[in-house]
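So the structure is just underneath, and the comments pick up after that.
Just so you know, these numbers come straight off a predicted model, no measurement behind them. In what follows, residues are counted from 1 in the order of the sequence shown.
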Amino acid sequence: ADRQALRERFAQRIARQEGAFKNVFNSVFDEQRNDVVGTFERVHTLPDTLNDGETGRKFEPALRLVYESGFEDALPRKQEDVLDEWALEWISNRSLLLAKSINKTTLEALRLTLSEGYVAGESIQQLTNRIAGYFDETKKWKAEQVARSEVVAAGNEGALRRYELA
């Protein structure tokens, strides 16, 4: 019964952490949708880039939360500082890597869907709807994918750092 309770608490914690990542991702994706659609409506082209630094900064608090949890759960003693300089650098680098990956795949997918629309002879309004549709259709599964991978990565990295310092 004690092991089952531990498993249930672990599963609940992971679900909360994934929920935090999904919330951040959905916020970022909604903001990008509005920016990209707005740009396309104004100038009839996609932006060349999405702001990796800004996107990355939005993920840092969620990464920090999960990293700290992995660190503290690995060896539950409060002796070492959880967020030493190395940890803060890892979180910053990981969030920027995540942002670059999300932004790159988003722009690649948008370029592909836009080229399909051009080939089909769609109007500017149809192309705009196509772009908005990409964000709407992709958001749920991509949020799930990002949440799962980043919770595992940050939790494991925190635990590994704790073991290294022990």
Spacing of [atom1] belonging to [X] relative to [atom2] belonging to [Y], to within rounding of 0.5 Å:
{"X": "Lys22", "Y": "Arg148", "atom1": "NZ", "atom2": "CZ", "value": "6.0 Å"}
{"X": "Thr45", "Y": "Arg111", "atom1": "OG1", "atom2": "CZ", "value": "8.5 Å"}
{"X": "Asp2", "Y": "Arg7", "atom1": "CG", "atom2": "CZ", "value": "10.0 Å"}
{"X": "Leu96", "Y": "Glu60", "atom1": "CG", "atom2": "CD", "value": "9.0 Å"}
{"X": "Ser115", "Y": "Leu127", "atom1": "OG", "atom2": "CG", "value": "10.0 Å"}
{"X": "Ile91", "Y": "Leu98", "atom1": "CD1", "atom2": "CG", "value": "13.0 Å"}

Exactly one of Asn103, Val24, Thr106 should register a side-chain contact (heavy atoms from CB on, under 4.5 Å) with Thr55. Which one does?
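Between Thr55 and the candidates, side-chain contact (heavy atoms from CB on, under 4.5 Å) is satisfied uniquely by Asn103.
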Taking atom types as modelled, find out whether Arg9 and Gln12 have a side-chain donor-acceptor pair closer than 3.5 angstrom.
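Looking only at side-chain atoms, Gln12 and Arg9 do not form any donor-acceptor pair under 3.5 Å.
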Side-chain contact test, heavy atoms from C-beta onward, threshold under 4.5 Å: evaluate it for [X] versus [Y] and give yes or no.
{"X": "Lys58", "Y": "Ser27", "value": "no"}
{"X": "Gln126", "Y": "Arg130", "value": "no"}
{"X": "Leu46", "Y": "Ile131", "value": "yes"}
{"X": "Ile124", "Y": "Glu41", "value": "no"}
{"X": "Val152", "Y": "Ile14", "value": "no"}
{"X": "Glu54", "Y": "Glu31", "value": "yes"}

Given the rule that I, L, V, M, F, W and Y join up when any side-chain heavy atoms are under 4.5 Å apart, are [X] and [Y] in one cluster?
{"X": "Val146", "Y": "Leu65", "result": "no"}
{"X": "Ile102", "Y": "Leu50", "result": "yes"}
{"X": "Phe10", "Y": "Phe21", "result": "yes"}
{"X": "Leu165", "Y": "Leu88", "result": "yes"}

Trp86 six-ring face occupied by Arg161 cation (under 6.0 Å, within 45°)
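Relative to the ring axis of Trp86, which defines the angle, Arg161 lies inside both limits.
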Basic-acidic side-chain contact under 4.0 Å: [X], [Y]:
{"X": "Glu157", "Y": "Arg94", "answer": "no"}
{"X": "Lys139", "Y": "Asp30", "answer": "yes"}
{"X": "Lys140", "Y": "Glu144", "answer": "no"}
{"X": "Arg64", "Y": "Glu68", "answer": "no"}
{"X": "Asp73", "Y": "Arg162", "answer": "no"}

Heavy-atom closest pair, residues Asn51 and Gly53:
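That would be OD1-N, 3.1 Å.
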Looking at Ala99 and Gly56, what are the two nearest heavy atoms and their distance?
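Reported closest heavy-atom pair: CB-N, 3.3 Å.
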Okay, side chain of [X], backbone of [Y]: is any donor-acceptor separation there less than 3.5 Å?
{"X": "Thr113", "Y": "Leu110", "result": "no"}
{"X": "Thr138", "Y": "Tyr134", "result": "yes"}
{"X": "Thr39", "Y": "Asp35", "result": "yes"}
{"X": "Gln32", "Y": "Phe29", "result": "no"}

Has [X] got more than 12 heavy atoms of other residues, nucleotides or ligands less than 6.0 Å from its [atom1]?
{"X": "Glu108", "atom1": "CD", "result": "yes"}
{"X": "Glu164", "atom1": "CD", "result": "yes"}
{"X": "Tyr118", "atom1": "OH", "result": "yes"}

In terms of ring plane angle, is the pair Tyr67 and Phe71 parallel, tilted or perpendicular, where the classes change at 30° and 60°?
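Tyr67 vs Phe71 ring planes: parallel.
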Criterion side-chain contact (heavy atoms from CB on, under 4.5 Å) on Lys142 and Thr105, from CA distance to verdict:
CA-CA 11 Å; Lys142 200 164 185 174; Thr105 58; 2.9 Å; yes
Start with the C-alpha distance between Ser69 and Arg13, add both sets of side-chain angles, then the distance that settles side-chain contact (heavy atoms from CB on, under 4.5 Å), and finish with yes or no.
CA-CA 9 Å; Ser69 177; Arg13 187 182 75 242; 3.0 Å; yes
So Arg33 and Asp136, side-chain contact (heavy atoms from CB on, under 4.5 Å) or not? Walk me through it.
CA-CA 9 Å; Arg33 178 189 188 279; Asp136 296 340; 2.9 Å; yes
